[in-house]
Number of protein chains: 2
Amino acid sequence: MQQVKAIDNHTSSNSGDFLKSVQLFGECTDKEVDLLLEGHILERCTKGKMLFVSGDNAERYYVIKNGWVKIFRETLDGAQAIIDILTEGHTFGETSIFEENTYPYSAEVVEPSEILSLSLRKLRYLIENNPKFALSMLSSMARYRRQQDTEIEHRSLQNAPQRIGCFILRLMPNQNEAKGRPITIHLPYDKTLIASRLGMQPETFSRALSKLKDATGINIKGSTLEIQSIDPLIDFSCSACTSEFPCKDLGCKSCV
Amino acid sequence: MQQVKAIDNHTSSNSGDFLKSVQLFGECTDKEVDLLLEGHILERCTKGKMLFVSGDNAERYYVIKNGWVKIFRETLDGAQAIIDILTEGHTFGETSIFEENTYPYSAEVVEPSEILSLSLRKLRYLIENNPKFALSMLSSMARYRRQQDTEIEHRSLQNAPQRIGCFILRLMPNQNEAKGRPITIHLPYDKTLIASRLGMQPETFSRALSKLKDATGINIKGSTLEIQSIDPLIDFSCSACTSEFPCKDLGCKSCV
DNA sequence: AGATTTACTTGATTAAGGTCAAGGCAAACG
DNA sequence: CGTTTGCCTTGACCTTAATCAAGTAAATCT
C-alpha cells in the first residue's frame, strides 16, 4: 500500500549534518550526534504512510527532514482531532521517553516526506548524561508549549476567516521582510487538511477563504495565493489575537 | 486593593515539606530544596490579586500551595483567552527560564490562595547541575503537553454540555473509586470562570449545565452538584473523546 | 485520451452558540 | 434590616459554522 525505502542506515554523515541543523540538536558534539544516529533509519515516505498509531509501543522518535506529517488522535467513531501538522526540522514521538513508553497520538505522512527515525534509548542516555542537552530539550519543549497555548487561543478568539488569514501569515518564514511587497504562497497540503488543522469543515474553509479574499484583496488560484501586501491580512486576522504579531511561524517555506 | 501577607520567608521547613510533595520536586534532596527555597516568599492572596502580567520581566516562578490561579492572555480590546486554571501543586512561570526572560501570559488569583514564589536563577542552576532534576522537569513538561493536546481535542470534538460533563468528571481525584456510588462535588470557582475555562459564554454555560442535568440526572444546587452515579456522565461526555477514559484530572479535591 | 476517483465549491437548511436585555437570587455592606 | 453589588439564569433574537446534497474541477489510472 505505502511505499517505503530505506535510503541509508549506515553512513551517518548526511544525516549528521542535518541533525545538527535542527534546533534541538544544534549544540550537540560530533560524538553525540554519532551516538544519536546509531541504528537510525532514513525513510522516504509517500502520502498516507502511517508511522505509528496511538498506543503503539514507543522505541523510536522521529525527525522530519522534509515533507509534512499529521499528528492526531481519533475517537471510537472515527472523528479525528488534529493535534498538529509538522514539517522540516520538527521532531515527534520523543516525549514518550517519559511516562508509559507508548505513543499518545498517531502520526501519518500527508505529503511526500523524508523522515529520520532514531532510538529513544540513546536520546534518554544523552539527556541523563549531558545537562546542556537536557536544557536544549527543555527549551524546545517550552517553545512548543507556547505554541500550543497560542493554538488554543486562536481557536477561542478567531473566527474561521481570521484563522485562515493567520495560518497564511504563519506560512511566511519572515514576515518582516514581506512587509509592503507582493508575495506568492503555495498551500503546503490539501485544503481539506488545512481545514481540520484549523478546526473547521472543508465547506466552511472554502467559504471562509473567499470571505478572506473579499476582505483582504488576496488572489486565489487553486493552491496558489498571491498577496499584494500582507498588511490587510494582519489587520484582518491579528486584531482578534493577544499581543505580539506575528504569531510564531508554522516552520515552512511555502512562499516565493 | 488586594491584601497580601508574607507568612514566612526565613523558616523553610514547612515550605520545604510542601515542595517535596510537589511532583516536580519529589526527588530533590534536602540540600537542593534548601537551595531552591533561598529567598522564597509565601504569600496569602485574595481573589483578584495579579501575580504578574504578560510581558513582565521574569525573575521568579510560582508554586501553588492551595487555592486557584488563572493563567491567561488578553487581546488589545480586552477579550481574554484562558490558557489554564491551576491549583495545589501546580507551578507556573518556570518556563520563562528559557527564551526571553519575560512571562508569556498573565496570572491572577481567582480564589483565596497561598502561593510560594521562588527564584528562577536557582531553578536554572539546579537544572544545569543535576541531570536527574532536569529529567523530572522534562517529564513534568511532557505531562503538561499531553494535557494541552487533550484540551485542544476537547475544544474541537465536544459540545458545550459535554465539555461541562468532562470538566466535572475531572474534578474527581480518583474516578475509579467513585464508580457506582453517589458523590457530591463543589464547583471550585465561579461558574462564569468555568465557562471561560471551557471556552464558552456564561449564558451558554448556564443553559448547557441544565441540558447536562436533563441528560444525566445530576442534581444542581448553586455550586453544589449531587451525582448518583458517574456512569451516565461518562456515557454522555466521553463518547465524543478519543481513547482512554478518564481524562487526566484537573488536580483538585472539590468532592466529598 | 477517456474513465474514475478524489478534492473542492456552492447552495439550502439546520443546529449550536453568541449577543442583547431583563429579571432573580444571594452574599456583602452600611 | 433593607440596600447594594455581583453572579447567575432566562428569554428573544442573531450570527456562525455544521450538515446535507449537488455539482464541478482536478488529479490519477489504465
Side-chain angles (χ1 to χ4, degrees), chain A residues 1-3 46-48 68 70 75 77-82 108 110-112 154-165 186-215 219-225 236-237 240, chain B residues 1 3 46-48 68 70 75 77-82 110-112 154-165 186-215 219-225 236-237 240:
Chain A
M1 178 123 207
Q2 293 112 2
Q3 192 193 348
T46 56
K47 194 169 168 171
W68 292 87
K70 173 174 77 171
T75 59
D77 53 321
Q80 285 189 356
I82 298 211
E108 179 186 341
V110 292
E111 290 295 318
H154 285 164
R155 298 265 178 131
S156 46
L157 297 179
Q158 295 181 314
N159 63 21
Q162 285 172 330
R163 289 213 292 283
I164 297 177
H186 296 282
L187 298 179
Y189 38 84
D190 289 354
K191 287 182 178 178
T192 305
L193 192 55
I194 299 178
S196 50
R197 164 68 237 272
L198 299 176
M200 64 185 82
Q201 297 302 311
E203 297 96 323
T204 303
F205 179 88
S206 183
R207 282 185 258 261
L209 184 57
S210 53
K211 267 190 199 168
L212 183 69
K213 176 185 150 192
D214 294 344
N219 234 305
I220 305 162
K221 275 181 208 138
S223 63
T224 302
L225 309 182
F236 182 83
S237 306
Chain B
M1 181 125 207
Q3 191 193 351
T46 56
K47 196 169 168 172
W68 291 88
K70 172 173 78 171
T75 60
D77 53 321
Q80 286 190 356
I82 299 213
V110 292
E111 290 293 318
H154 286 164
R155 298 268 178 130
S156 46
L157 297 179
Q158 295 181 316
N159 62 22
Q162 285 172 330
R163 289 213 292 284
I164 298 177
H186 296 281
L187 298 178
Y189 38 83
D190 289 354
K191 287 182 178 178
T192 304
L193 192 57
I194 299 178
S196 50
R197 165 67 238 271
L198 299 176
M200 66 185 82
Q201 298 302 311
E203 298 95 324
T204 303
F205 179 87
S206 184
R207 281 185 260 262
L209 184 57
S210 53
K211 266 189 200 169
L212 183 69
K213 177 185 151 192
D214 293 345
N219 234 304
I220 305 162
K221 276 183 208 132
S223 63
T224 303
L225 309 182
F236 182 83
S237 305

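Because the structure is predicted, anything quoted here is derived from the model rather than measured. First the proteins, then the strands, lettered A, B, ... as listed; each starts at 1.
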Peer 1: Rounding to a whole Å, what distance do you find between A:Glu203:CD and C:dT9:C1'?
Peer 2: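 Result: 9 Å.
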Peer 1: Without decimals, in angstroms, what is the distance between B:Asp190 CG and C:dA27 C1'?
Peer 2: 12 Å
Peer 1: Reckon B:Thr204 has a side-chain N or O less than 4.0 Å from the OP1 or OP2 of C:dG17?
Peer 2: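 Negative; the distance criterion is not met.
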Peer 1: Whole angstrom is fine here: how far is it from CG in A:Leu225 over to P in C:dC8?
Peer 2: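 Interatomic distance, CG of A:Leu225 to P of C:dC8: 13 Å.
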Peer 1: Is it true that the side chains of B:His186 and B:Thr224 contain a donor and an acceptor less than 3.5 Å apart?
Peer 2: yes
Peer 1: Roughly how many Å is it from CG in B:Leu212 to C1' in C:dA16, rounded to a whole number?
Peer 2: 16 Å
Peer 1: Could you give the CD-to-C1' distance, from B:Gln201 to C:dA16, as a whole number of Å?
Peer 2: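 For the pair B:Gln201 CD and C:dA16 C1', the rounded distance is 13 Å.
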Peer 1: What's the closest nucleotide to the A:Lys191 side chain, out of C:dT9, C:dA7, C:dG17?
Peer 2: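 When the side chain of A:Lys191 is considered, C:dT9 is the closest of C:dT9, C:dA7, C:dG17.
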Peer 1: Whole Å only: how far is the CZ atom of B:Arg207 from the P atom of C:dA15?
Peer 2: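 About 17 Å, once rounded to whole Å.
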Peer 1: Is a donor on one side and an acceptor on the other found under 3.5 Å between the side chain of B:Gln162 and the backbone of B:Phe236?
Peer 2: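 Yes; judged by distance alone, with no hydrogens or angles, the pair exists.
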Peer 1: In whole Å, what is the span from the CG atom of A:Leu157 to the P atom of C:dG18?
Peer 2: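 Distance, rounded to whole Å: 12 Å.
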Peer 1: Does a side-chain heavy-atom distance below 4.5 Å link B:Lys213 with B:Asn219?
Peer 2: no
Peer 1: Has the side chain of B:Gln201 got a donor or acceptor atom that lies under 3.5 Å from a matching backbone atom of B:Ala195?
Peer 2: no
Peer 1: Is any side-chain N of the basic residue among B:Asp190 and B:Lys70 closer than 4.0 Å to the acidic one's carboxylate O?
Peer 2: no
Peer 1: Without decimals, in angstroms, what is the distance between A:Leu209 CG and C:dT10 C1'?
Peer 2: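 Going from CG in A:Leu209 over to C1' in C:dT10 covers 14 Å.
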Peer 1: For DNA chain D, which nucleotides open and close the run of contacts to chain A, 5' to 3', at under 4.0 angstrom from a non-hydrogen atom?
Peer 2: D:dA17 to D:dC20
Peer 1: Given side-chain contact (heavy atoms from CB on, under 4.5 Å), test A:Lys191 with A:Ser206 step by step and report yes or no.
Peer 2: CA-CA 8 Å; A:Lys191 287 182 178 178; A:Ser206 183; over 6 Å; no
